[in-house]
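Lettering of chains follows the sequences in order, A, B, ..., and the numbering in each one begins at 1. The structure presented is a predicted model; accordingly, all values stated were derived computationally and were not measured.
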Protein chains: 2
Amino acid sequence: MKKSGKNIHTDTICAVDYAFQRIGGKHKGRVIYHLRNGVRRYGELRKIMTGITPKMLTQVLRELEDDELITRHVYLEVPPRVEYQLTDTGRELLPFITLLSEWGARQMGREPQCQPVLAGQSGMPA
Amino acid sequence: MKKSGKNIHTDTICAVDYAFQRIGGKHKGRVIYHLRNGVRRYGELRKIMTGITPKMLTQVLRELEDDELITRHVYLEVPPRVEYQLTDTGRELLPFITLLSEWGARQMGREPQCQPVLAGQSGMPA
DNA sequence: CAGCATCCCCAGAGATACTG
DNA sequence: CAGTATCTCTGGGGATGCTG
């Protein structure tokens, strides 16, 4: 539910701070990044997102969902399947993630080992 | 790289993750943002950066310095004066901070209460 | 003024086990 | 498969006081 005792950006003062409270978590940016090209299953994310426990991954996904940056689709089948994808709002963050990725790559002095943000068909907010 | 017992981005896998480890802290983005127009004294930052204790502010500033995103200039005078400003690398992050700020402002449905990233006109203390 | 030292505390992250 | 539930423990961060 949206009750969310954790995601309170109520006392926020400026837009930068506000934004950082929504995507500033240690793993949130990475999750958004890995959803850049569409749907991902929980297990896929778990494999990709090394260095984070399932519990944390779930928690981060829930927070992003509460923040309406991603959606969660549960398929009632056996075995169960849960798919995540970015909302429009979440997609709006991709340009910024791209910039960040490019900067990071420059800093690392080599190509990023994750794929770049392709998503040619993603409706960029004009 | 500096010694930095905290800022170890050695086990980093991708550029996004790497970048987030450097600017992903809760307050780092805000500090960078508030240094966008040039030099700031410690006390200025302390006034601007509400919701963060001096200890934390100092710590964040140190981390940013270790990461070579900001420089720290100490003036040996009485009373003491310490000035911070962005390095070139730090300045490269401004476009991204701008994007983030704009997104945050849109999400908040109103104008950001911090000034936009544009050179100082309105009453910048010298 | 611009910090650092110290004490303290609890929220957040890990590990493990279980379930629809 | 995709999570929850519980228990634990650590270290991040607050409060306070001191100093160059």
Side-chain angles (χ1 to χ4, degrees), chain A residues 1 3-11 17 20-31 34-35 39-67 70-85, chain B residues 3-9 11 17 20-31 34-35 39-67 70-85 125-126:
Chain A
M1 239 321 264
K3 59 177 199 164
S4 79
K6 338 203 80 170
N7 304 334
I8 23 134
H9 353 91
T10 45
D11 57 335
D17 196 21
F20 261 83
Q21 288 183 52
R22 283 184 69 169
I23 58 113
K26 195 163 51 172
H27 308 285
K28 284 187 180 179
R30 217 153 105 238
V31 170
H34 286 298
L35 290 177
V39 164
R40 287 284 183 189
R41 297 183 58 168
Y42 178 82
E44 290 185 272
L45 289 173
R46 192 185 334 197
K47 270 172 225 143
I48 298 172
M49 302 271 301
T50 57
I52 179 175
T53 58
K55 172 184 162 185
M56 280 295 98
L57 178 56
T58 298
Q59 179 179 310
V60 166
L61 288 168
R62 287 294 187 281
E63 289 175 9
L64 289 171
E65 192 194 357
D66 285 350
D67 269 351
I70 67 173
T71 55
R72 179 172 181 265
H73 287 284
V74 183
Y75 295 85
L76 292 181
E77 45 186 57
V78 176
R81 180 160 52 112
V82 179
E83 291 182 345
Y84 296 91
Q85 66 179 319
Chain B
K3 46 180 177 181
S4 76
K6 339 203 76 174
N7 306 333
I8 24 135
H9 354 91
D11 57 335
D17 197 21
F20 259 83
Q21 288 182 54
R22 282 185 72 168
I23 58 112
K26 194 163 52 173
H27 308 285
K28 285 187 180 179
R30 216 153 105 238
V31 170
H34 286 299
L35 290 176
V39 164
R40 287 283 182 190
R41 297 183 57 169
Y42 177 82
E44 291 185 272
L45 289 173
R46 199 203 306 215
K47 271 172 227 143
I48 298 172
M49 301 270 301
T50 57
I52 179 177
T53 58
K55 173 183 165 185
M56 279 296 98
L57 178 57
T58 297
Q59 178 179 310
V60 166
L61 288 168
R62 287 296 186 285
E63 290 176 9
L64 288 171
E65 192 194 357
D66 285 351
D67 269 351
I70 68 174
T71 56
R72 177 170 181 266
H73 211 101
V74 182
Y75 295 86
L76 292 180
E77 46 188 58
V78 176
R81 180 160 52 111
V82 179
E83 290 182 345
Y84 295 92
Q85 66 179 320

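Using a 4.5 Å heavy-atom threshold, the side chains of A:Met49 and A:Val60 count as separate. Contact of the B:Ile23 side chain with the A:Phe20 side chain is registered, since non-hydrogen atoms from C-beta on lie closer than 4.5 Å.
Of the side-chain N and O atoms in B:Arg46, none sit less than 4.0 angstrom from OP1 or OP2 of C:dA2. Side-chain nitrogen and oxygen atoms of A:Tyr42 include none within less than 4.0 Å of the OP1 or OP2 phosphate oxygen of D:dT4. The phosphate of C:dA2 (OP1 or OP2) has no side-chain N or O of B:Arg72 nearer than 4.0 angstrom. At D:dA2, one or more side-chain N or O atoms of A:Arg41 fall inside 4.0 Å of OP1 or OP2 (strictly under the cut-off).
For the atom pair CD1 of A:Ile48 and CG of A:Leu57, the computed distance is 10.0 Å after rounding to the nearest 0.5 Å. The line from CZ of B:Arg46 to OG1 of B:Thr53 is 9.5 Å long, rounded to the nearest 0.5 Å. Summarising the geometry, atom CD1 belonging to A:Ile52 is positioned 6.5 Å from atom CZ belonging to A:Arg30; distances are rounded to the nearest 0.5 Å.
Nucleotide D:dG3 holds its P atom 15 Å from the CD atom of A:Glu63, rounded to whole Å. Residue A:Arg40 contributes atom CZ, which lies 16 Å from atom P of D:dG3 at whole-angstrom precision. Taking atom CG of A:Leu57 as the reference point, atom C1' of D:dC1 lies 13 Å away to the nearest angstrom. Across the protein-nucleic acid pair, B:Tyr84 atom OH and C:dA2 atom C1' stand 8 Å apart, rounded to whole Å. If you measure from atom CG of B:Leu45 to atom C1' of C:dA2, you get 12 Å, rounded to the nearest angstrom. Nucleotide D:dG3 holds its P atom 13 Å from the CZ atom of A:Arg81, rounded to whole Å. As rounded to whole Å, 17 Å separates atom P of D:dG12 from atom CZ of B:Arg62. Rounded to whole Å, atom C1' of C:dA2 lies 12 Å from atom CD of B:Glu77.
Of all non-hydrogen atoms in B:Asp67 and B:Arg22, the two that sit nearest each other are O-NH2, 2.6 Å.
Taking B:Tyr75 as the reference, B:His73 meet the ring pair (Phe, Tyr, Trp, His ring centres under 6.0 Å) condition, with sequence neighbours excluded.
With hydrogens and angles ignored, the 3.5 Å screen pairs no side-chain donor or acceptor of A:Arg72 with any backbone N or O of A:Glu65.
Within the nucleic acid shown, A:Tyr75 has no heavy atom closer than 4.0 Å to any nucleic acid atom.
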_With side-chain contact (heavy atoms from CB on, under 4.5 Å) as the criterion, how do A:Leu64 and A:Tyr84 come out once you've worked through the C-alpha distance, each side chain's angles and the decisive distance to 0.1 Å?_
CA-CA 10 Å; A:Leu64 289 171; A:Tyr84 296 91; over 6 Å; no
Distances under 3.5 Å between protein N/O atoms and the N/O atoms of nucleotides 13-20 of chain D, please, pair by pair.
{"unit_1": "D:dG13", "atom_1": "N7", "unit_2": "B:Lys55", "atom_2": "NZ", "d": "3.4"}
{"unit_1": "D:dG14", "atom_1": "OP2", "unit_2": "B:Thr53", "atom_2": "OG1", "d": "2.8"}
{"unit_1": "D:dG14", "atom_1": "N7", "unit_2": "B:Lys55", "atom_2": "NZ", "d": "3.2"}
{"unit_1": "D:dG14", "atom_1": "O6", "unit_2": "B:Lys55", "atom_2": "NZ", "d": "2.5"}

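One end of the helix from C:dC1-D:dG20 to C:dG20-D:dC1 points its axis 70° away from the other end's axis, with each axis taken from 5 pairs and the angle rounded to 10°.
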